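No experiment lies behind these values; they were computed from the predicted model shown. We name chains A, B, ... by the order of the sequence lines, and we start the count at 1 in each one. What you see below is based on every heavy atom in this structure, not just the backbone, and it leaves out hydrogens, waters and symmetry mates.
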Amino acid sequence: DAKTTQPPSMDCAEGRAANLPCNHSTISGNEYVYWYRQIHSQGPQYIIHGLKNNETNEMASLIITEDRKSSTLILPHATLRDTAVYYCIVRDQGAQKLVFGQGTRLTINP
Amino acid sequence: NAGVTQTPKFQVLKTGQSMTLQCAQDMNHEYMSWYRQDPGMGLRLIHYSVGAGITDQGEVPNGYNVSRSTTEDFPLRLLSAAPSQTSVYFCASSYSGFRDRSTDTQYFGPGTRLTVL
């Protein structure tokens, strides 16, 4: 699985959009980009995933660059409950496991 | 559905003791896995299973055993607990082991906090 690089921490004001970057420069054609988050030592929670096209669901949007070497998770209107560690994971569709890195600790400030 | 459940929530062991962490899911998921998370770290995969009767090792399997006799249950056994196994343990499950993109969301349990003295 390709490795990912994320900033260790970020801050965002409540009500603003939170944009979390992820670099995955060695990603291969069959590998998906997944995002999970972990709120205060709870079990990780799935957010979104994508292959090439941008994706949107009720939680977030995922923007993947055309060369697929980086992506951005967007929380459009961050709330205090979005404070968490966010993990960007790259995984082959045929692989059976997720490999977690250190993630980005996102703090939403009132 | 209860989702993924784990018992116990907390456990304290002495060095050398053995115990089993329980994990169950009621979503008929084929794929189940165990992770450990040390303070300030990401999750590391211990063992996983793609179906009943099939298990395989992850990144950090030493000191742990697993079995998968039913689709619902995936217990993790600590054979002889060591202080280095002090951690939070998470169980997870999903459909299809990621073969089907539309159903490959992985669901995590609430975790078991284990301290080995």
Spatial distance of atom CZ (R91(A)) from atom CD (Q106(B)) [nearest 0.5 Å]
8.5 Å
Is the number of heavy atoms from other residues, nucleotides or ligands under 6.0 Å of R16(A) CZ greater than 12?
no
Engaged part of Q37(B) at the chain A interface, taking heavy atoms whose separation is under 4.5 Å:
side chain
Grouping I, L, V, M, F, W and Y whenever their side-chain heavy atoms are under 4.5 Å apart, do M10(A) and Y86(A) come out in a common cluster?
yes
Any chance CZ of R113(B) has more than 12 other-residue heavy atoms, nucleotides or ligands included, within less than 6.0 Å?
yes
Which distance, rounded to the nearest 0.5 Å, do you find between the CZ of F108(B) and the OH of Y46(A)?
13.0 Å
Non-hydrogen atoms of L43(B) and Y87(A) that approach each other most closely
CD1-OH, 4.3 Å
Please say yes or no: joined through hydrophobic side-chain contacts below 4.5 Å, possibly via intermediate residues, are I89(A) and Y35(B) part of one cluster?
yes
From F90(B) atom CZ to Q38(A) atom CD, the distance as rounded to the nearest 0.5 Å:
5.0 Å
Would you say W35(A) and I27(A) are hydrophobically clustered, going by side-chain heavy atoms of ILVMFWY under 4.5 Å?
yes
Which value, rounded to the nearest 0.5 Å, describes the distance between M41(B) atom CE and F100(A) atom CZ?
13.5 Å
Chain A heavy atoms under 4.5 Å from Y107(B): which part of the residue, side chain, backbone, both or neither?
neither
Taking a hydrophobic cluster as the set of Ile, Leu, Val, Met, Phe, Trp and Tyr residues connected by side-chain heavy atoms closer than 4.5 Å, whether directly or through intermediates, do V50(B) and L45(B) fall within one such cluster?
yes
